[in-house]
Protein chains: 2
Amino acid sequence: MVHSAVLPSPPTDDIDVVDVMHALADPTRLTIVRQLLEGGEQACGGFDVRVSASTLSHHFKVLREAGVIDQREQGRHRMTSLRSTDLETRFPGLLTSVFGVVHA
Amino acid sequence: MVHSAVLPSPPTDDIDVVDVMHALADPTRLTIVRQLLEGGEQACGGFDVRVSASTLSHHFKVLREAGVIDQREQGRHRMTSLRSTDLETRFPGLLTSVFGVVHA
DNA sequence: CCTTCAGTTCGAAGATCATCTAACTGTTCG
DNA sequence: CGAACAGTTAGATGATCTTCGAACTGAAGG
């Protein structure tokens with residue numbers, strides 16, 4: 001059975017501004033998002049952050065439940081990507097203003 | 001003595017993204033900023049929020065120290081204003097994307 | 001099959017946070 | 001002066017957050 005189970009993340013219209021602000025109010029999570037902006041989809045191990053695996057997993061959950069990232073299973077890896085388009089729809093220009101880069 | 005003591009708030013270039021995100025990651029503070037965007041400078045008592053005066057004071061401190069608002073003493077009142085221009089300089093488009101309004 | 005690997009879940013510890021009441025400071029006005 | 005007013009500060013409380021190590025799950029590979 002090929003299950004491409006998408007982990008729970010809110011639909012675009014339900015992305016809440018408080019949740020997004022909270023998700024971005026942490027240096028580690030900000031680093032994660034910045035690396036996703038620069039490098040695109042990555043596996044958990046591909047991030048250059050100095051926290052334990054369990055802490056990193058916690059941060060992914062916060063970002064995912066806020067609607068900032070998406071995660072999909074792929075074999076032994078869990079691929080993480082930024083919901084750039086959805087964020088651009090819900091809060092146009094947010095990524096650009098916060099990270100100083102143009103949304104890809 | 002006419003003291004127009006400006007309460008401590010960081011210079012524009014030192015406004016930190018984590019502090020700003022954290023400042024905006026609270027419903028009450030978000031309401032405060034929204035009301036400042038709509039109504040301009042206001043005294044503390046002019047805000048329509050359902051928290052005690054001391055809690056409101058706490059939220060102003062968080063917003064001020066993050067660089068989101070400015071406060072100046074005027075007689076018996078403390079006037080609060082949004083640092084729209086500084087925020088626009090530091091994070092262009094942020095207010096617009098978060099609040100869905102054009103920066104005045 | 002059994003080991004390794006990628007990542008999560010489960011407590012737990014310590015820090016930070018939002019909120020309140022009570023007491024305080026400083027200003028205005030009668 | 002003395003009372004009323006605007007807002008802050010202090011201290012406490014309960015909730016939430018970040019972090020970790022240890023144990024777990026599920027997939028890949030020898």
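Chain A is the first sequence line, chain B the second, and so forth, proteins listed ahead of strands; every chain is numbered from 1.
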[X] [atom1] to [N] [atom2], straight-line distance once rounded to whole Å:
X	N	atom1	atom2	answer
A:Arg72	C:dG7	CZ	C1'	16 Å
A:His22	C:dT16	NE2	P	14 Å
A:Lys61	D:dT16	NZ	C1'	14 Å
A:Glu73	C:dT8	CD	C1'	10 Å
A:His59	D:dT16	NE2	P	18 Å

ask   = Of all residues at least two apart in sequence or in a different chain, which pass the salt bridge (charged side-chain N to carboxylate O under 4.0 Å, His left out) check with A:Asp19?
value =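 If we apply the salt bridge (charged side-chain N to carboxylate O under 4.0 Å, His left out) test to A:Asp19, skipping adjacent residues, there are no hits.
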task = Return each pair, listed once, that meets side-chain hydrogen bond (donor to acceptor under 3.5 Å, both in side chains) where at least one residue sits in residues 44-55 of chain A; pairs must be two or more places apart or across chains.
result = A:Ser52-A:Ser54, A:Ser52-A:Thr55
ask   = So which pairs with a foot in residues 74-83 of chain A pass side-chain hydrogen bond (donor to acceptor under 3.5 Å, both in side chains), sequence neighbours left out?
value = A:Ser9-A:Arg83, A:Gln71-A:Thr80, A:Glu73-A:Arg78, A:Arg83-A:Asp86
key: Set of side-chain contact (heavy atoms from CB on, under 4.5 Å) partners for B:Asp14, sequence neighbours left out   = B:Pro10, B:Pro11
task = Taking side-chain contact (heavy atoms from CB on, under 4.5 Å) as the test, write out the residues that go with A:Gln42, two or more places apart.
result = A:Gln35, A:Phe47
task = Using a heavy-atom cut-off of under 4.0 Å over every strand shown, decide if B:Val62 touches base, sugar-phosphate, or nothing.
result = nothing
Could you list, one pair per line, each protein nitrogen or oxygen that sits under 3.5 Å from a nitrogen or oxygen of nucleotides 2-8 of chain D, together with the distance?
residue	atom	partner	partner atom	Å
D:dC5	O4'	B:Arg76	NH1	3.1
D:dA6	O4'	B:Arg76	O	3.4
D:dG7	OP1	B:Cys44	N	2.7
D:dG7	OP2	B:Gly45	N	2.8
D:dT8	OP1	B:Arg78	NH1	2.9
D:dT8	OP2	B:Ser57	OG	2.4
D:dT8	O5'	B:Ser57	OG	2.9

message = Can you work out whether A:Asp26 or A:Gln74 has the more 5'-proximal nearest nucleotide on DNA chain D?
response = A:Asp26
request  = Kindly say if A:Arg29 contacts the phosphate of D:dT18, meaning a side-chain N or O under 4.0 Å from OP1 or OP2.
outcome  =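 Checking A:Arg29 against D:dT18: at least one side-chain N or O falls below 4.0 Å of OP1 or OP2.
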request  = Specify the closest pair of heavy atoms between B:Phe60 and B:Ile32, including all atoms of both residues, with the distance to one decimal.
outcome  = CE2-CG2, 3.8 Å
